[in-house]
Amino acid sequence: MPTLAVSSHLDANLASLGERNADLREKLASIPPHPGMTLFASAQDIPAATLDGKALCSKHRPLDEADRLVREIDLVEHAVVVVLGFGLGWHVEQLAQRSAKATLIVVFEPDLALLRAVFEQIDHSSWMRDSLVLFITDPDDRGALARKLDGAESILGQGVHFLEHPASAARLGEQSARFATSFKDHVAAAKVTLATTLMRSVETSRNLMLNLDHYAAGAGISELENIALGFPAVIVSAGPSLHRNIHLLSLPGVREKCVIIAVQTALKPLLAAGVKPHFVTALDYHEISKRFYEDLNADDLREITLIADPKVHPLIPDIYPGPIRCCANPFLDKLLGPLKHEMGELPAGAT
């Protein structure tokens, strides 16, 4: 079949990826396209292609193939569709057009050179710009997956459908299965988080409001960025390994050579062993967590900064004698916005 000569669409496609795909934009801008992709005309006035001689989609009617792949997906029961393999992207475009921005589309495609070649030669910018589409390129990077899906717990709870692109199946191999497992694990955790949030919404709202004074008048954690750059961090949690290894943290000079961060359940054992962590974290909404701070020497705690989630029970920041810093919270930020504006309009010296 005759090959096609086309102008580059790379800039338009990269610009349409959005902030959630900024990592992909940076990667694709710095790598060469796959040399093995060959584009040619199909019977439907859109390109088809092969990669190292193997078809990336139907060679004759790629749009019909894409329609068959997505038409049976129940987009009412599934708010999220995970696409395993991008190919030339026609099936993803068809899915985006059918869902009309009501579906979160997660594309797993680990071949960056292929994506670069496709984005250079096919203009996908219009539908990508108007769709909820996320690209994942590493099947094992659960951190990247969590960052991209941050805030989407309620959507994930509405059902997930996995769509395997047939032309990509052999090329992706077991990477698809690994990614699918990671994604399913993330969905399970997200459902637990969502259920917990809904069940504890009253306590959470109460705690947020009662901790408003610490949040508004106290310090945040943004100032801590890079203050210990180059130093190792030791995260201390409760468990059998703590009792086996706690003596290592009490050795002379250790505290000066690393940053020790303790969960609140490990605070008392550390202090009993003569170890003062630099930070202790408080995340629990329940009053029962108060017991982790009772009967402690207040002078010891003055050298340990409490990092508190604003949703913790208000007893914790109220009784803690040392320095306190609160993590950011979107709800409180929105609440404080108008208040700060009104306070800024008060006369000088007013309280």
Side-chain angles (χ1 to χ4, degrees), residues 1 4 6 9 12-14 16-18 20-21 24 28 33-34 36-52 54-137 139 148 159-173 175-177 179-180 183:
M1 296 182 182
L4 294 179
V6 297
H9 299 286
N13 283 323
L14 295 186
S16 68
L17 285 174
R20 293 263 176 158
N21 294 306
L24 179 64
L28 295 185
H34 200 299
M37 192 179 87
T38 303
L39 221 62
F40 51 84
S42 73
Q44 293 187 302
D45 296 326
I46 63 169
T50 59
L51 186 71
D52 295 330
K54 297 180 180 179
L56 286 172
C57 61
S58 168
K59 294 181 178 181
H60 303 287
R61 307 194 67 81
L63 288 182
D64 290 349
E65 177 190 55
D67 180 67
R68 287 194 300 272
L69 286 175
V70 306
R71 73 166 66 137
E72 300 300 327
I73 301 175
D74 188 339
L75 298 180
V76 175
E77 293 296 323
H78 304 99
V80 181
V81 177
V82 179
V83 182
L84 303 174
F86 189 74
L88 283 190
W90 300 127
H91 57 302
V92 186
E93 178 181 6
Q94 198 88 337
L95 177 61
Q97 291 174 348
R98 183 175 167 230
S99 65
K101 210 174 182 178
T103 301
L104 174 61
I105 303 171
V106 180
V107 178
F108 172 63
E109 178 52 71
D111 193 335
L112 292 173
L114 170 61
L115 282 176
R116 167 75 186 234
V118 173
F119 282 2
E120 279 190 358
Q121 301 190 55
I122 297 177
D123 186 4
H124 286 303
S125 59
S126 60
W127 68 264
M128 287 197 300
R129 185 171 50 249
D130 297 330
S131 305
L132 299 174
V133 58
L134 300 175
F135 284 86
I136 304 294
T137 60
K148 292 209 173 189
V160 178
H161 178 87
F162 285 85
L163 171 63
E164 185 175 54
H165 182 226
S168 300
R171 178 173 55 85
L172 298 186
Q175 292 185 90
S176 290
F179 175 72
F183 197 91

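Values below: all heavy atoms of this structure, side chains included; hydrogens, waters and symmetry mates excluded.
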Interatomic distance, [X] atom [atom1] to [Y] atom [atom2] [nearest 0.5 angstrom]:
| X | Y | atom1 | atom2 | answer |
| --- | --- | --- | --- | --- |
| Ile136 | Leu24 | CD1 | CG | 9.5 Å |
| Trp127 | Ser99 | CH2 | OG | 9.5 Å |
| Lys148 | Leu134 | NZ | CG | 6.0 Å |
| Asp64 | Leu69 | CG | CG | 11.0 Å |
| Phe135 | Leu28 | CZ | CG | 9.0 Å |

Checklist entry - Would Ile122 and His9 count as a side chain to side chain contact (heavy atoms under 4.5 Å, CB included) if you check the C-alpha gap in whole Å, the side-chain angles of each, and the deciding distance to 0.1 Å? => result CA-CA 6 Å; Ile122 297 177; His9 299 286; 5.6 Å; no

For the side chain of [X] and the backbone of [Y], is there at least one donor-acceptor N/O pair under 3.5 Å apart?
| X | Y | value |
| --- | --- | --- |
| Asn21 | Ser16 | no |
| Arg98 | Ile73 | yes |
| Ser42 | Gln44 | yes |

Item to check | Any side-chain heavy-atom pair of Leu132 and Thr103 under 4.5 Å | outcome: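 No, every pair of side-chain atoms sits at 4.5 Å or beyond.
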
Item to check | Salt-bridge criterion met for Glu65 and Lys59 (N-O under 4.0 Å) | outcome: no

Item to check | Test ring pair (Phe, Tyr, Trp, His ring centres under 6.0 Å) applied to His34 - qualifying residues, sequence neighbours left out | outcome: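 Checked His34 against ring pair (Phe, Tyr, Trp, His ring centres under 6.0 Å); zero matches.
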
Next on the checklist: List the residues meeting side chain to side chain contact (heavy atoms under 4.5 Å, CB included) with Ala180, not counting sequence neighbours, and say none if there are none.
Outcome noted: Phe162

Next on the checklist: My understanding is that only residues two or more places apart in sequence, or in another chain, count here; which of them pass side chain to side chain contact (heavy atoms under 4.5 Å, CB included) with Pro139?
Outcome noted: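 By the side chain to side chain contact (heavy atoms under 4.5 Å, CB included) rule, Pro139 matches Phe108, Gln175, Arg178, Phe179.
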
Checklist entry - Which pair of non-hydrogen atoms, one from Ala167 and one from Ala55, has the smallest distance, and what is that distance? => result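 Minimum heavy-atom contact is CB-O, 3.6 Å.
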
Checklist entry - Does anything in residues 68-80 pair up under salt bridge (charged side-chain N to carboxylate O under 4.0 Å, His left out), and if so which pairs, sequence neighbours excluded? => result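 Listed once each, the pairs are Asp67-Arg71.
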
Next on the checklist: Can you pull out every salt bridge (charged side-chain N to carboxylate O under 4.0 Å, His left out) where at least one residue sits in residues 122-131? Sequence neighbours excluded, please.
Outcome noted: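 Every pair satisfying salt bridge (charged side-chain N to carboxylate O under 4.0 Å, His left out) with a residue in residues 122-131: there are none.
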
Let me check something: any side-chain donor-acceptor pairs from residues 83-96 under 3.5 Å, sequence neighbours excluded? List them with distances.
from	atom 1	to	atom 2	distance (Å)
Trp90	NE1	Pro47	O	3.0
His91	NE2	Gly85	O	2.9
Glu93	OE2	Gln97	NE2	3.2

Checklist entry - Would Glu109 and Leu172 satisfy side chain to side chain contact (heavy atoms under 4.5 Å, CB included), going step by step from the backbone distance to the final call? => result CA-CA 8 Å; Glu109 178 52 71; Leu172 298 186; 4.0 Å; yes

Once side chain to side chain donor-acceptor pair (under 3.5 Å) is applied, do any residues pair with [X], and if so which ones, sequence neighbours excluded?
| X | value |
| --- | --- |
| Arg116 | Glu120 |
| Ser131 | none |
| Asp111 | none |

Next on the checklist: For Leu114 and Leu56: C-alpha separation, side-chain torsions, deciding distance, then whether side chain to side chain contact (heavy atoms under 4.5 Å, CB included) applies.
Outcome noted: CA-CA 10 Å; Leu114 170 61; Leu56 286 172; 3.8 Å; yes

